[in-house]
Amino acid sequence: MGKLISCEFNMDTVCVELKFADGSMLSIDCIAVENEFAKNMYQQSELDYLIYNDPIGYADLILNGDPEEYLKNVTDYSPLD
């Protein structure tokens with residue numbers, strides 16, 4: 001893949017779409033990512049925040065990072081007893 005020219009969330013497809021200078025495009029299905037990695041509403045909220053506020057950060061996390069480890073570290077979940 002070449003140089004990234006745009007990255008945005010497409011509400012119609014519920015995907016983060018990356019477009020590259022060479023004409024290629026990559027689409028990340030956000031529903032599938034949430035189903036795979038988000039184990040509670042706090043983790044879902046964190047992913048939603050990234051999708052809307054930092055789609056490039058979201059794409060980098062999914063493509064190059066460790067989403068499970070990231071979500072464990074940034075969310076504080078304490079079940080009620």
Side-chain angles (χ1 to χ4, degrees):
M1 287 185 231
K3 180 181 174 186
L4 180 67
I5 56 173
S6 75
C7 178
E8 59 187 26
F9 176 65
N10 183 336
M11 271 189 149
D12 295 330
T13 61
V14 193
C15 294
V16 170
E17 298 175 343
L18 297 99
K19 295 178 186 170
F20 297 91
D22 64 0
S24 62
M25 186 173 147
L26 181 66
S27 184
I28 301 171
D29 182 347
C30 298
I31 300 291
V33 169
E34 280 191 7
N35 289 340
E36 181 68 26
F37 296 110
K39 305 301 183 214
N40 57 55
M41 69 179 181
Y42 304 107
Q43 292 179 346
Q44 285 180 323
S45 294
E46 179 62 27
L47 290 175
D48 289 343
Y49 176 83
L50 288 173
I51 289 166
Y52 291 110
N53 296 295
D54 188 12
I56 292 174
Y58 177 84
D60 185 49
L61 173 67
I62 301 307
L63 298 174
N64 302 316
D66 184 357
E68 287 183 277
E69 187 65 29
Y70 171 80
L71 290 171
K72 274 193 246 177
N73 292 329
V74 299
T75 57
D76 184 24
Y77 172 64
S78 303
L80 298 173
D81 292 328

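Everything numeric in this text was worked out from a predicted model, so none of it was measured.
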Inset, instruction - Supply the atom-to-atom distance D22 CG to I5 CD1, rounded to the nearest 0.5 angstrom. - result: 9.0 Å
Inset, instruction - Calculate, to the nearest 0.5 Å, the distance between atoms CD1 and CD belonging to I56 and E8 respectively. - result: 10.5 Å
Legend entry - Distance in Å, E68 CD paired with Q43 CD, rounded so as to fall on 0.5 Å steps: 9.0 Å
Legend entry - Atom pair CD1 (I28) and SG (C7), whose distance is rounded to the nearest 0.5 Å: 7.0 Å
Legend entry - I51 CD1 to N10 CG distance, which is reported to the nearest 0.5 Å: 12.0 Å
Legend entry - Pair Y70-L50, side-chain contact (heavy atoms from CB on, under 4.5 Å): steps then yes or no: CA-CA 12 Å; Y70 171 80; L50 288 173; 3.7 Å; yes
Legend entry - Heavy-atom neighbours of M41 CE exceed 12 at 6.0 Å: no
Legend entry - Co-membership, hydrophobic cluster, residues F37 and Y52, 4.5 Å side-chain: yes
Inset, instruction - Taking all heavy atoms of F9 and all of C30, pick out the closest pair and write down the distance. - result: CE1-SG, 4.0 Å
Legend entry - Which atom of D29 lies closest to which atom of I31, heavy atoms considered: OD1-N, 3.1 Å
Inset, instruction - Answer yes or no: is there a side-chain heavy-atom contact under 4.5 Å between V16 and I62? - result: no
Legend entry - Atom pair OH/CG of Y42 and L47 - distance to nearest 0.5 Å: 15.0 Å
Legend entry - Heavy-atom check, side chain of E34 versus side chain of D48, under 4.5 Å: yes
Legend entry - Heavy-atom closest pair, residues K19 and L4: O-CD1, 3.4 Å
